Participant: 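Okay, handing you the structure first.
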Amino acid sequence: MDLLLLVLLLVAPVGSWLSLEDWGSGSVEGSVGEFGECVCNVFLPDTSFPADRMELIQTTSSQLSVEITLQINKVNSLKIELEVLLSSLSNLTARVEILESGPDKYIKLDFELLRIELREFEALVTQLKASLNSSSPAFESLYTEIRNMSSIVDQLESYDRSNLEVIRIEFAKLQRKLEKCQDDQDDLSNAEIGSCKHGGILRIGKPVVSQLNAHLSGGYIYGGWGKDTKPLPGSENTYWYSASSDTLVSRITQYSDYYKLIMRQGFKTHELYVEYRYDWRGTGNNYIVRENNLYYQYRSPFAMAKMNMTSATAEYKVIPKASAQFSYRYSNQNLDFAADESGLWVTYATVESKGKLVLGKINEQSFQVEQLWQTSVFKQSVTNAFMICGVLYATRSVDTQTEEIFYTYDTNKNEESYVSIPFEKFQDFYVYLDYNPSDQRLYMFNNGYYVYYNVKFKVE
Ligand SMILES: *[C@@H]1O[C@H](CO)[C@@H](O)[C@H](O)[C@H]1NC(C)=O
Ligand SMILES: *[C@@H]1O[C@H](CO)[C@@H](O)[C@H](O)[C@H]1NC(C)=O
Ligand SMILES: *[C@@H]1O[C@H](CO)[C@@H](O)[C@H](O)[C@H]1NC(C)=O
Ligand SMILES: *[C@@H]1O[C@H](CO)[C@@H](O)[C@H](O)[C@H]1NC(C)=O
């Protein structure tokens, strides 16, 4: 990643906030979009671009670049953020040019895009805080400036429109989280992608909230999102999303990259139900996407299912003894799929084990459960579970803001243990939590929001 580019990226989103200074005299238009969501555009009046402050940020950024050079080897993990910011950068540059030179002195600022930029910037700031020496005065000054921009955005409050209220709350949350970034020092994983040369999870970073779901619906709380856990060549940046207001799994949408996900521009939606033709619907939302296959809990009969999104075909296999009686905290969560560095897994409970969690390794070629481990943890005491390097991690809820990994089962050593690795929740309710070995992140679908976590591993 080019150093200059990184510096430019640092400048870009702030540039967009600068243009908000004259918000007070702008006008706001609300309308209803194609999915019934509120769409809000702001038309800003004639405004001279605040070049002096832009310049200050530029100077600060170039001082930062020296330190960035020192840390450049850590920047790889920022790749997604940078790609997304690069797209918004060219867009912003174009908008700034229009602002500076246009005979038509109006600039149309899309609220949606602004929210994306804020979120992306927040993620970048969090990551940069971790990878750079955060006590650097240059960074602190840039950080102060970012916070000032957020407060300018807060002036939105003067627009007492119901559809702006949601956005304002988002900004308040953002500001709170930016403040928290200050003491969030080491969010980056310390093991190479794909490597298991670590001693398991040391701790989990702060939740990074990407966006409300693509339906922009607070009611779509049953769902999941993430990336393919073993992407086919050329699909490394593909994201997926599926959600509903109930636990039924009826469709999944794919996005060519993170930016498209955030912009809600899917390239393909796979329907699991087409009237008179087929009904492949699932339930429970604890699915996994792997090599462009969706692995999920089939609704009828109760079985594990695989929908090949390349060939648009589906098949199911009944797992002997797996019971639909034992769910996680919320209903229908009987089969939980997981993927890690060593392959594909499924957890469930059986009547024979009296509801204790059974862990199965799935052979992806034969689509059969080929090896089983019996744990001593009751499935109904677990909120969710995921796998990393052959180790099962089970979570439970501590309070509305805190979740805890309380149990692990290591299939490499056939050892189980009770542990306490607490982590912060963005909101209380969640149905989906899975690890992705391709980027070492935990993905959570948290009360309708896309949330992810970086994982810090123990040194072995
Ligand atoms: C910026 O992006 C928005 C949303 O994709 C688009 O509508 C707009 O035309 C773009 N502006 C420029 C100047 O490229
Ligand atoms: C971090 O930055 C401060 C202030 O610029 C400097 O004094 C300190 O030596 C730096 N620490 C490291 C580990 O680079
Ligand atoms: C924020 O920006 C305004 C306008 O430029 C300035 O007057 C104010 O001092 C700034 N506040 C901080 C904390 O930098
Ligand atoms: C999915 O379908 C494609 C295209 O027919 C095929 O090449 C691939 O092997 C299938 N994958 C699985 C896991 O069945």
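All residue numbers in this chain count up from 1 along the given sequence. In this text, all values refer to a predicted model and were calculated from it rather than measured experimentally. Atoms within a ligand are numbered from 1 in the order they appear, just like the ligands themselves.
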Participant: What is the ring orientation for Phe457 with His198, classed by angle as parallel under 30°, tilted 30 to 60°, or perpendicular over 60°?
Facilitator: parallel
Participant: Assert yes or no for the condition that the ring centre distance of Trp240 to Tyr443 is strictly below 6.0 Å.
Facilitator: no
Participant: Has Lys379 got its NZ or CZ under 6.0 Å from the middle of the six-membered ring of Tyr328, at an angle within 45 degrees of the ring axis?
Facilitator: yes
Participant: Is Glu403 salt-bridged to Arg396, going by a charged N under 4.0 Å from an acidic O?
Facilitator: no
Participant: Check ring-ring contact (aromatic ring centres under 6.0 Å, His included) between His270 and all other residues, then give those that pass, not counting sequence neighbours.
Facilitator: none
Participant: Let me confirm one number: the CD1-CD distance from Ile362 to Gln368, rounded to the nearest 0.5 Å.
Facilitator: 10.0 Å
Participant: For ligand 4, list the protein residues that place a heavy atom within a distance below 4.0 Å of one of its atoms, sorted by chain and number.
Facilitator: Asn293, Lys306, Asn308, Thr310, Ser311
